[in-house]
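The model shown is predicted, which means the values in this text are computed figures rather than measured ones.
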Amino acid sequence: MQLSGMSSDFKLDAINRHGYEDREISHLDGEVGSSGARSNLGFGMLDDAEKQGLRSINGAMSNKEHRSINVSESIGLPIHDGAKRENGSARRSGPLVSGTAYCISSCSMILLNKIALSSYGFTAEISLVFYQNLISSVIVAVLGLCGVVSVERLNWKLIRVWIPVNIIFIGMLVSSMYSLRYINIAMVTILKNVTNIMTAIGELYIYRKHQNQKVWIAMFLMIISAISGGITDLSFDSVGYAWQFLNCILTASYSLTLRRMMDKAKLLTRSGSLNEVSMVLLNNLLSLPFAFFLILLFGEWQYIENTDIIRMPMFWVVATASGLFGLAISFTSVWFLHQTGPTTYSLVGSLNKIPISIAGLLVFKVSLSVSNFFSILFGLFAGIFFARAKMS
């Protein structure tokens, strides 16, 4: 699913498999990329205009809440102390609860995908993407029919406009799965920083958006960490690195293309907008026929018919849970963003890479040299520096 990722980096990064119209989607890859950046997936890179827009929205919401309280008090409606304490407690705990849910979802998704691909040795990556996207499509469709979430009605004009985005999207998810099979989670996390560099270069040439000096310094540090990490990687696999490099290209392309297509897509909806939930459904639903075609093209159907892995109940538990966590990233990332703000959201997304990397190293018992360990550590802090630089 995936951007939130990754995405964070893990979607939209993901937040990853999906975009969010009030933030840049560069970290979809995240969240997006690695699972299927279900949201975009993931850890958002925010530009100044979008930051101001979100602050205005949050400010307007806060003012509305204050006005509601003042109106209630002025007309003499009773406001019980218990209710006040409950509301105050909810506001204080909201960022913590939403941030924890977001971090748990992104960490769990990437770890479970790695378990399915490496621990179980499942080599039908496209089929896994198809299954997880199917889960997301069904759940969102059911929630929409029940009125729990608001979903735009899809039409053929909207679908035709969105097809180019979706082709890049499915390529992003598949390449992410392939790279995750060959490379350890910590190195995937570091190499995904290259996506930020490609996105920044694309923004410069396509949208004429200039970055400040700190951002370019941070990106230079990311390049150093990616190169040093690859050189010192004891389990270096050229196939895995090639897939990851392709994933970075596709994730950056997805981010840059999404912004342009969003403006066209909004004109083709009844409400004049395309919310997060609608994008989740649109991306995942449209990806199913493309994924099915790739399954037949690459002969995965024969593998699925003959492998004993799909007869293991625990494999289905892992695959299903990963898809659910991927979908959860889409909702928890938006929840967390609304509870805090773009600066905190982006910083926490970068900091979240640290426990993901550590968990990946410990769970899968990755062999590390001292130099590779420090390369990974250097890359993680370069990512944090990048997030802070983007906010300055």
Val239: side-chain contact (heavy atoms from CB on, under 4.5 Å) partners, not counting sequence neighbours: Tyr182, Asp237, Trp243
Cut-off 3.5 Å, side chains only: do [X] and [Y] have a donor facing an acceptor?
X: Asn275; Y: Ser278; value: yes
X: Ser106; Y: Asn352; value: yes
X: Lys114; Y: Ser118; value: yes

Of all heavy-atom pairs between [X] and [Y], which one has the smallest distance, and what is that distance?
X: Phe336; Y: Pro95; value: CE1-O, 3.6 Å
X: Asn212; Y: Ala389; value: ND2-O, 3.2 Å
X: Ala382; Y: Ala218; value: O-CB, 4.3 Å
X: Val188; Y: Ser179; value: CG2-O, 4.4 Å
X: Tyr120; Y: Met314; value: OH-CB, 3.2 Å
X: Leu128; Y: Ala319; value: CD1-CB, 3.7 Å

Do [X] and [Y] have side chains that approach each other closer than 4.5 Å (heavy atoms only, starting at C-beta)?
X: Lys192; Y: Ser176; answer: yes
X: Asn193; Y: Ile197; answer: no
X: Met219; Y: Val215; answer: yes
X: Ser357; Y: Leu380; answer: yes
X: Ile185; Y: Leu111; answer: yes
X: Val140; Y: Asn284; answer: no
X: Asn283; Y: Trp162; answer: yes
X: Glu152; Y: Leu158; answer: no

Above 12 or not: heavy atoms from other molecules or residues under 6.0 Å from [atom1] of [X]?
X: Phe374; atom1: CZ; result: no
X: Phe381; atom1: CZ; result: no
X: Phe373; atom1: CZ; result: no

Shared hydrophobic cluster for [X] and [Y] (ILVMFWY, side-chain gaps under 4.5 Å):
X: Phe378; Y: Ile358; answer: no
X: Tyr102; Y: Val97; answer: no
X: Leu296; Y: Phe130; answer: yes
X: Val194; Y: Met177; answer: no
X: Tyr241; Y: Leu246; answer: yes

Report the C-alpha distance between Ile376 and Thr189 in whole Å, list the side-chain angles of each, state the deciding distance to 0.1 Å, and finish with yes or no for side chain to side chain contact (heavy atoms under 4.5 Å, CB included). CA-CA 9 Å; Ile376 292 171; Thr189 304; over 6 Å; no
Rounded to the nearest 0.5 Å, how far apart are [atom1] of [X] and [atom2] of [Y]?
X: Thr199; Y: Ile249; atom1: OG1; atom2: CD1; value: 11.5 Å
X: Ile231; Y: Phe236; atom1: CD1; atom2: CZ; value: 9.5 Å
X: Leu324; Y: Ser108; atom1: CG; atom2: OG; value: 11.0 Å
X: Leu377; Y: Asn372; atom1: CG; atom2: CG; value: 11.0 Å
X: Met187; Y: Ser235; atom1: CE; atom2: OG; value: 8.5 Å
X: Gln339; Y: Leu96; atom1: CD; atom2: CG; value: 10.5 Å

Suppose we screen for salt bridge (Lys or Arg N to Asp or Glu O under 4.0 Å). Which residues come up paired with Asp308, at least two apart in sequence or across chains? Arg311
So the ring pair (Phe, Tyr, Trp, His ring centres under 6.0 Å) pairs with at least one residue in residues 188-227 (sequence neighbours excluded) are none
Under the ring pair (Phe, Tyr, Trp, His ring centres under 6.0 Å) rule, what pairs show up with a residue in residues 288-313, not counting sequence neighbours? Phe122-Tyr303
Is it the case that the side chain of Thr320 and the backbone of Val317 share a donor-acceptor pair, with hydrogens and angles ignored and the cut-off at 3.5 Å? no
So, does Ser175 use its side chain to make a donor-acceptor pair with the main chain of Met172 at under 3.5 Å? yes
Given the side-chain rings of Tyr131 and Trp316, with only the six-membered ring counted for Trp, is the space between their centroids under 6.0 Å? yes
Would Tyr178 and Leu117 satisfy side chain to side chain contact (heavy atoms under 4.5 Å, CB included), going step by step from the backbone distance to the final call? CA-CA 9 Å; Tyr178 275 109; Leu117 296 171; over 6 Å; no
Pairs satisfying salt bridge (Lys or Arg N to Asp or Glu O under 4.0 Å), at least one member in residues 296-306, at least two apart: none
Test: salt bridge (Lys or Arg N to Asp or Glu O under 4.0 Å). Region: residues 119-133. Which pairs qualify, not counting sequence neighbours? Glu125-Arg181
Worked check of side chain to side chain contact (heavy atoms under 4.5 Å, CB included) between Ile135 and Leu327: CA-CA 9 Å; Ile135 291 174; Leu327 180 60; 5.8 Å; no
Please assess Met222 against Phe385 for the test side chain to side chain contact (heavy atoms under 4.5 Å, CB included), listing each intermediate value before the final yes or no. CA-CA 10 Å; Met222 287 176 175; Phe385 180 54; over 6 Å; no
